[in-house]
Protein chains: 2
Amino acid sequence: MKVSKQKAAENRARIVTEAARLFREKGLSGIGVDALTKAAGLTHGSLYSRFDSKEQLMAEALAEALKRSAVTLYPPDAATTPGAFETVIARYLSPTHRDTPGTGCALAAVGCEVARHGPAARQVLTEGLWNSAGRLSAVLPDQARPVDAKTDEALAVLASMVGALILARAVDDSSLSDRILNASQRRIIDTATQKP
Amino acid sequence: MKVSKQKAAENRARIVTEAARLFREKGLSGIGVDALTKAAGLTHGSLYSRFDSKEQLMAEALAEALKRSAVTLYPPDAATTPGAFETVIARYLSPTHRDTPGTGCALAAVGCEVARHGPAARQVLTEGLWNSAGRLSAVLPDQARPVDAKTDEALAVLASMVGALILARAVDDSSLSDRILNASQRRIIDTATQKP
DNA sequence: ATTATCTATAGATCTATAGATAATGC
DNA sequence: ATTATCTATAGATCTATAGATAATGC
């Protein structure tokens, strides 16, 4: 049942990619190694020749998830475009993002669970948060401020975005869910744009 | 091994209370019925004479968690006090709240997980969110606005609070954690107080 | 010969149920 | 007699390991 080196590398990559999606969709404790490897077309036993543990796969999968979603949610070329900030916020707080956690922001998908997991996953999430905050900082309306002030605002705005998406996904009422997204989007944009 | 009716009622209440704490501390999937009943001084078999399932206990426990934390986090008598809004935000985004999830806001403790659980738990969380938003609305600085505008702001501010607490708990870096809390607190208060 | 994957399984844990036990409360 | 709780266990699932298998690549 051996495959070529290239194929084996592809299989490994596919496990990580599928895990990046499934951990976000089902939660860190909501999916097991059996389902994770099956999604990549392999059997569960084959996982442990490449990963020390589920925890290690989790860390790699979260790193990939954060890397990919950062490119989609915070496109780096948008920094100079006018209205880039509004576009980023509107995309993050869209019904589409709410309804597709498997390809979305990992901070919102597994934020609560990561606090109770191993150091590898937490470290990866922390780096992803810094990266998101940096990209967000680059599109903030008032670019003339000191870097510390912009980072503070980026962290606070990011927290608002993550909280709104989590609550919009948690509630059992679609009109309330929409309202949380819309009210948060409006408040973030108004308060960031408005100069004292 | 039978106990008096009164004692039995106390035992049931103690299971719910302990579950309210443990679900918040360990997560909805992070603790089983064995540990939940053991924490109340009973054995796991005794749970099913009172609760249909773990899911039902979860819904009751979340209801109690939300009810108790609302009293602590949004004291109803604070509405008329000057500076009530700032106090509520500062208490919610304090290191103490971050470090004691077992007695804190259930929205932040299990928000991500609830989206993947049964309808009973989601409904309870939705009611708890409305309740929190209502209490928050009552202490917003500008009380002269229409009720819809105040509700929108309360929902958006609540999302910020929940997101900041979740991220502060998730990251593996205590100075970043503090910074998320402080930056969010300052931004929420500044943007709510400041009149255009 | 090496090695990527599979099969089989160990050992732990989890939810739920059935029947036994023993104290309450009529 | 009733019933709150316990003991024992079923059946499922989960992580991880060991050895078998079969195709690659020297």
Side-chain angles (χ1 to χ4, degrees), chain A residues 1-20 22-62 110 113-114 116-121, chain B residues 1-20 22-62 110 113-114 116-121:
Chain A
M1 308 275 180
K2 193 188 171 184
V3 300
S4 71
K5 280 190 175 179
Q6 188 193 330
K7 194 80 183 169
E10 286 171 15
N11 286 347
R12 187 188 199 282
R14 205 166 57 253
I15 292 176
V16 175
T17 302
E18 288 298 308
L22 287 166
F23 278 131
R24 278 179 287 181
E25 284 180 359
K26 312 278 187 186
L28 302 179
S29 305
I31 190 146
V33 294
D34 190 12
L36 287 167
T37 47
K38 188 176 281 180
L42 301 168
T43 56
H44 64 284
S46 68
L47 187 122
Y48 292 92
S49 52
R50 306 190 181 294
F51 303 95
D52 288 345
S53 62
K54 185 189 177 186
E55 196 74 25
Q56 194 206 316
L57 169 59
M58 199 182 285
E60 277 200 46
L62 283 182
V110 301
E113 282 180 281
V114 158
R116 301 172 195 115
H117 270 83
Chain B
M1 307 274 180
K2 193 187 171 184
V3 298
S4 70
K5 279 190 175 178
Q6 188 192 332
K7 194 80 184 170
E10 286 171 15
N11 286 345
R12 188 189 199 283
R14 204 166 58 253
I15 292 177
V16 176
T17 302
E18 288 297 308
L22 287 166
F23 278 131
R24 280 179 285 181
E25 283 179 359
K26 312 278 186 186
L28 302 179
S29 305
I31 189 145
V33 293
D34 190 12
L36 287 167
T37 47
K38 189 177 279 178
L42 300 168
T43 57
H44 62 284
S46 68
L47 188 121
Y48 291 93
S49 53
R50 306 191 180 291
F51 302 95
D52 289 344
S53 61
K54 185 189 177 185
E55 197 74 24
Q56 194 206 315
L57 170 59
M58 198 182 285
E60 277 200 45
L62 284 182
V110 301
E113 282 180 283
V114 158
R116 301 174 195 113
H117 271 82

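Just so we're on the same page: letters track the sequence lines, and every chain starts at 1.
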Exercise for the section: Would you indicate whether the side-chain heavy atoms of A/Leu28 and A/Val114 approach each other to under 4.5 Å? Expected result: yes
Practice task
Write down the distance between CG (A/Leu28) and P (D/dC14), rounded to a whole number of angstrom.
Solution key: 15 Å
Problem - Partner of B/Ser29 under side-chain contact (heavy atoms from CB on, under 4.5 Å), chosen from B/Lys54, B/Arg116, B/Glu113 - result: B/Glu113
Exercise for the section: Rounded off to whole Å, could you give me the CD-to-C1' distance for the A/Glu10 and C/dT5 pair? Expected result: 15 Å
Practice task
Send over the distance from B/Lys2 NZ to C/dT21 C1', rounded to a whole Å.
Solution key: 13 Å
Problem - Whole angstrom value for the distance that separates P of C/dT15 from CG of B/Asp34 - result: 9 Å
Fill in the blank from the handout: Expected list for residues 42-55 of chain B near DNA chain C, using heavy atoms below 4.0 Å, is B/His44, B/Gly45, B/Tyr48, B/Ser53, B/Lys54
Exercise for the section: State whether the side chain of A/Arg24 and the backbone N or O of A/Ala20 hold a donor-acceptor pair below 3.5 Å, judged by distance alone. Expected result: yes
Handout entry: Rounded distance in Å - NZ (B/Lys38) to P (C/dT15)
Key = 13 Å
Completion exercise
Here the pair of heavy atoms bringing B/Val3 nearest to B/Ala8 is CG2-N, 3.7 Å
Practice task
Check the distance between D/dT3's P and B/Asn11's CG and give it to me in whole angstrom.
Solution key: 17 Å
Exercise for the section: Compare every heavy atom of B/Glu60 with every heavy atom of B/Phe51, then report the nearest pair and how far apart it is. Expected result: CE2-OE2, 3.7 Å
Exercise for the section: May I have the distance from B/Lys5 (atom NZ) to D/dA1 (atom C1'), rounded to whole angstrom? Expected result: 13 Å
Exercise for the section: Identify the heavy atoms of B/Ala121 and B/Leu62 that sit nearest to each other, and give their distance. Expected result: CB-CD1, 4.1 Å
Problem - Heavy-atom side-chain proximity of A/Leu57 to A/Val16 below 4.5 angstrom - result: yes
Problem - B/Gln6 CD to C/dA23 P, straight-line distance once rounded to whole Å - result: 19 Å
Exercise for the section: With a 3.5 angstrom cut-off on both distances, give the Watson-Crick or G-U wobble partner of C/dT24, or none if there isn't one. Expected result: D/dA1
Practice task
Return the 5'-most residue of the pair A/Lys7, B/Ser4 with respect to DNA chain C, ranking by each residue's nearest nucleotide.
Solution key: A/Lys7
Exercise for the section: Could you check which nucleotide pairs with D/dC6 in any of the strands shown, counting Watson-Crick or G-U wobble with both distances under 3.5 Å? Expected result: C/dG19
